[in-house]
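Take a look at the structure set out below.
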Amino acid sequence: MTPELTYLTYAVILLIAHMFLQATVSDLSKGLDWALGPQDEERDPSLVAGRLERALRNYVYNLPAFIALALILKVTDLGTESTALGATIWFWARVAYIPSYALAIPLARSVTWFVSIGGLVMMILPLLG
């Protein structure tokens, strides 16, 4: 398996972990009775739960680009050490994005997002010829 596909596998694992974390924190912030009940009434999540929800949404928006690039690089056999590094950077930046957003660390959310985009660009470059 190529490094890009390995990180694609890790990206799916991160998606599952991220969904579990977001749902758990959101449900618990709304109260255990609400989480275990029919959830008929709307309750606002805590600040951290809201941030985790927005971070998950951002991940879901960015994941298709990574999936496409990893698969295109495999199909075209254009993967290089640089594209493998780009996949690595994208993945670890996305891991760092979660706590940086959830904890509202100044500038960290934006920096990790830009770093992840840099990883995608590293994966795109060989495809542009």
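Throughout, residue positions are numbered sequentially from 1 according to the sequence presented. Every value quoted in this text rests on a predicted model; they were computed, and no experiment measured them.
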Can you run down the side-chain hydrogen bond (donor to acceptor under 3.5 Å, both in side chains) pairs that involve residues 13-25, sequence neighbours left out, and say none if there aren't any?
none
Which residues end up grouped with L103 if you chain together Ile, Leu, Val, Met, Phe, Trp and Tyr wherever their side-chain heavy atoms are less than 4.5 Å apart?
I105
Not counting sequence neighbours, list each pair that qualifies as a ring-ring contact (aromatic ring centres under 6.0 Å, His included) and has a residue in residues 93-129.
Y97-Y101
For F91, ring pair (Phe, Tyr, Trp, His ring centres under 6.0 Å) partners two or more places apart
Y7, Y10
Residues forming a side chain to side chain contact (heavy atoms under 4.5 Å, CB included) with A11, sequence neighbours excluded
Y59, L63, F66, W90
Qualifying salt bridge (Lys or Arg N to Asp or Glu O under 4.0 Å) pairs with a residue from residues 63-82, counting only residues at least two apart or across chains
none
What residues, two or more places apart in sequence or in another chain, satisfy salt bridge (Lys or Arg N to Asp or Glu O under 4.0 Å) together with R57?
E53
L15 and V60: CA distance, side-chain angles, deciding distance, side-chain contact (heavy atoms from CB on, under 4.5 Å) verdict
CA-CA 8 Å; L15 174 64; V60 170; 4.1 Å; yes
Side chain to side chain donor-acceptor pair (under 3.5 Å) partners for S116, two or more places apart
none
Partner set under side chain to side chain contact (heavy atoms under 4.5 Å, CB included) for L127, not counting sequence neighbours:
L69, I72, L73, T76, L78
Which residues pass the side chain to side chain donor-acceptor pair (under 3.5 Å) test with N58, sequence neighbours left out?
N62, R94
Any residue meeting side chain to side chain contact (heavy atoms under 4.5 Å, CB included) with V12, in chain and number order, not counting sequence neighbours:
I16
By side chain to side chain contact (heavy atoms under 4.5 Å, CB included), P45 pairs with (sequence neighbours left out) S26, S29, K30, A49
